[in-house]
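Taking it in order: structure first as structure tokens, then the write-up.
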Amino acid sequence: QVQLVESGGGSAQTGASLRLSCAASGRTFSRNAMGWFRQAPGKEREFVAVRSWTGSSANYADSVKGRFTISRDSAKNTVYLQMNSLKPEDTAVYYCAAREGAGIRVGVHEYDYWGQGTQVTVSS
């Protein structure tokens with residue numbers, strides 16, 4: 001059974017940093033793109049960041065460019081999201097996702113596996 005388990009969420013002040021981790025089990029995703037999405041209360045789930053299976057390419061939502069960095073350790077089957085300069089508008093449940101394909105995609109429907117989510121709350 002494939003599982004994606006996020007960790008590292010919590011509460012932070014504006015300007016602080018948090019690092020999310022997503023550990024995959026049940027299969028390896030070394031040849032699959034993996035990404036992060038988030039969903040704030042009352043809003044639809046939105047794309048945050050994705051990294052290709054090679055790790056050489058990444059894409060970010062405009063709202064997080066320059067502040068968030070996605071990385072992956074294929075040997076550990078884990079993907080990370082380093083979040084710096086956090087803002088209150090970053091408050092959301094953050095989801096890790098993996099797709100069967102290798103290419104970078106930003107659509108929610110293009111991902112096949114999802115974690116249960118981890119809450120990030122940023123206060124001013």
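The basis for the numbers below is simple: all heavy atoms, side chains too, and nothing from hydrogens, waters or symmetry mates.
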| field | Atom pair CZ/CE of R72 and M34 - distance to nearest 0.5 Å | value |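 Taking CZ in R72 and CE in M34, the distance rounds to 6.0 Å.
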| query | If you measure from CG on L4 to OH on Y111, what distance do you get to the nearest 0.5 Å? | reply |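 The CG atom of L4 sits 12.0 Å away from the OH atom of Y111.
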Under the disulfide bond (SG atoms under 2.5 Å apart) definition, can you give me all pairs with a residue in [range], not counting sequence neighbours?
range: residues 7-101; answer: C22-C96
range: residues 30-77; answer: none
range: residues 29-80; answer: none

| A16: side-chain contact (heavy atoms from CB on, under 4.5 Å) partners, not counting sequence neighbours |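 Applying side-chain contact (heavy atoms from CB on, under 4.5 Å) to A16 gives A12.
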Pairs satisfying salt bridge (charged side-chain N to carboxylate O under 4.0 Å, His left out), at least one member in [range], at least two apart:
range: residues 80-89; answer: none
range: residues 5-34; answer: R27-E100
range: residues 112-124; answer: none
range: residues 51-69; answer: D62-K65, R67-D90

| query | What pairs with F47 under ring pair (Phe, Tyr, Trp, His ring centres under 6.0 Å), at least two apart in sequence or on another chain? | reply |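 Only F37 meet the ring pair (Phe, Tyr, Trp, His ring centres under 6.0 Å) criterion with F47.
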| query | Got a sec, which residues hit ring pair (Phe, Tyr, Trp, His ring centres under 6.0 Å) with F29, two or more places apart in sequence or on another chain? | reply |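 For F29 the ring pair (Phe, Tyr, Trp, His ring centres under 6.0 Å) partners, ignoring immediate neighbours, are Y113.
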| field | side-chain hydrogen bond (donor to acceptor under 3.5 Å, both in side chains) against N84, all qualifying residues, sequence neighbours excluded | value |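 Counting only residues at least two positions away or on another chain, N84 forms a side-chain hydrogen bond (donor to acceptor under 3.5 Å, both in side chains) with S17, Q82.
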| field | S57: partners by side-chain hydrogen bond (donor to acceptor under 3.5 Å, both in side chains), with sequence neighbours left out | value |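 Partners of S57 by the side-chain hydrogen bond (donor to acceptor under 3.5 Å, both in side chains) criterion come out as none, since no residue qualifies.
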